[in-house]
There are 2 protein chains.
Amino acid sequence: MSIAREEAPLTPRQRTILDELGRRGFLSTADLAGTFDVSDMTVRRDTRALSKLGLVKVVHGGVSAVEGHGQNADFAARAREDADAKQRVAKACVDLVADRDAIILDAGTTTYQIAQELPTSFMGTIITHSAPAIQRCLQLTSARTICLGGELLLDSQAFNGPMTVSAAQGLRAKTAFIGVSGIHDEAFYIERDVERATKLALMASAEQVVVVATHQKMLRYALAKLAVFDAVDILVTDAPPPQEIEAALKAADVKLIVAA
Amino acid sequence: MSIAREEAPLTPRQRTILDELGRRGFLSTADLAGTFDVSDMTVRRDTRALSKLGLVKVVHGGVSAVEGHGQNADFAARAREDADAKQRVAKACVDLVADRDAIILDAGTTTYQIAQELPTSFMGTIITHSAPAIQRCLQLTSARTICLGGELLLDSQAFNGPMTVSAAQGLRAKTAFIGVSGIHDEAFYIERDVERATKLALMASAEQVVVVATHQKMLRYALAKLAVFDAVDILVTDAPPPQEIEAALKAADVKLIVAA
DNA sequence: TAAGATTGTGTTGGAATTACAACACTTTGC
DNA sequence: GCAAAGTGTTGTAATTCCAACACAATCTTA
């Protein structure tokens, strides 16, 4: 009784549909009619009502979950931007990983693609504070996944704060894949200052630090300075960077990998 | 080059379809045809090939993600068992929560239902080590979510181990909702011994300990003994328990809540 | 209490959408 | 130049959608 429930006009059947949809992503009209033992028409009326409330998307043959819930939509939308470039970068990163390695995955959409590109047979260890990456790790039955806890930030969909930092400090990995928002003046920049401590802790816990950044990040500043080039071993991107950056990378002895 | 990719005979387009499907759950044939700028027939040939490999499910109108990947299916299947009972228990638990409370959610399908039943307007704090619960928390834009890190166990889909325990010890909440596998002889039992330390730490960090258990758990043993009745304040279930349990609960001063 | 209104549901037929087999065309590699 | 693989097109079959109407259960109101 303590909490007011805002979803007043939903029948039990509609709530069940929403619930299942959250788990399955798609439900066919015929299946639903069978499950509830009602006619197709009744199911259609339910789904149409839910669709009118923006809770589901009606498609030919059934209903599909709508991804526009909470901050969740932002991340999904960002993941789709330059998806090709991110995928190419991610594939090149996976090529840097051997089968028993322990790797660290930072938050962000590009690093998330690395998790997606990891083969399901991967037998190493994944250390991450990214909620979407963990979701992906549930599919990797041979891998070991270690989550760095902390407070959930909705915009980055990752855990952060002192808990995350201290959890990272207790671990050691071979390679850390770090995402950045901008590259300029021999340094890497990030959007959220609160993530700085976490990223630095991740970098300190790995033998080898790999920064991933699509070409859109080149010659761009962002709010906070993360680290200078010297702190990084490899930069993986999807197009040859501007000359000034390439020269600075070479001067700082950062290996450059341009994904095909 | 380091990792062998087992999915050999997949075209780039098919891989992209799989990839998107992992995020969206459903894709319509027409949409896919538009996205790749190919004919419906070509898309259908792709989806049929993927379906033959068991990677997707073809439905009238498009393709749907198949949930039989990884251990993931187990949890989803268990969540569906006695779903009604779990939902009733979960609703009763939500009624114990006030809007600014900090609550602890243990791993398990019943506690997961609590996360599902929490209104999206909930403005308190959720502390959990359950991956599905965290997934749900991404929708709760007003709440604060704290993840207890640790090693991911695929069968319980939760984080566990020393990291989890020490993370829990540093926190304090009003109510902890704990799942159990059996109730017998004035004690609560659980399936996995490794979870014992985590559950005890969660219980120690809350003012009030609530155990959730559907009636199927009554008079059942499980592998490990978690705690005696005295360590718990409230038991929420969905049907009146056997007399011997009810008497023992009363003797141990455990409040019994039977959800309607 | 009875009549009327409201809500939820099932049925029907035709309209709209999708599926699929068969064939023709283009590209690729040898 | 030929075989193989991939793709587009066409017409037809199968499925789904939906508006309209009929029926039952519940709730209102006189």
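All chains are named by letter (A, B, ...) in the order of the sequence lines, taking the proteins before the strands, and each is independently numbered beginning at 1. Predicted model only: the values in this text are computed from it and were never measured.
Residue B:M41 places its side chain closer to C:dC20 than to any other of D:dC17, C:dC20, D:dT15. In the set C:dA21, D:dT16, C:dT9, the nucleotide with an atom closest to the side chain of A:R13 is C:dT9. Looking at the side chain of A:R48, the nearest of the listed nucleotides D:dC17, C:dA19, D:dC18 is D:dC18. When distances are taken from the side chain of B:R44 to each of D:dT16, D:dG8, C:dC20, the shortest belongs to C:dC20. Taking every side-chain heavy atom of B:S39 into account, D:dG8 is the closest of C:dT18, C:dG10, D:dG8.
At the heavy-atom level, A:V43 lies nowhere under 4.0 Å from the strands shown.
Atom P of nucleotide C:dG14 and atom CG of A:D40 are separated by 19 Å, given to the nearest angstrom. Across the protein-nucleic acid pair, B:H60 atom NE2 and D:dA14 atom C1' stand 7 Å apart, rounded to whole Å. Nucleotide D:dT16 holds its P atom 12 Å from the CG atom of A:L32, rounded to whole Å. Per the geometry, CG belonging to A:D46 stands 15 Å off P belonging to C:dT7, to the nearest Å.
Ring pair B:F75/B:Y112 is perpendicular by interplanar angle, where above 60° counts as perpendicular and below 30° as parallel.
Of the side-chain N and O atoms in B:R45, none sit less than 4.0 angstrom from OP1 or OP2 of D:dG8.
Within the structure, salt bridge (charged side-chain N to carboxylate O under 4.0 Å, His left out) pairs that include any residue of residues 134-143 of chain A do not occur (at least two apart or interchain).
Within 6.0 Å of NZ on B:K57 lie no more than 12 heavy atoms contributed by other residues, nucleotides or ligands.
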Between B:E117 and A:R15, does the salt bridge (charged side-chain N to carboxylate O under 4.0 Å, His left out) criterion hold? Intermediate values first, please. CA-CA 10 Å; B:E117 291 295 329; A:R15 302 207 67 213; 3.6 Å; yes
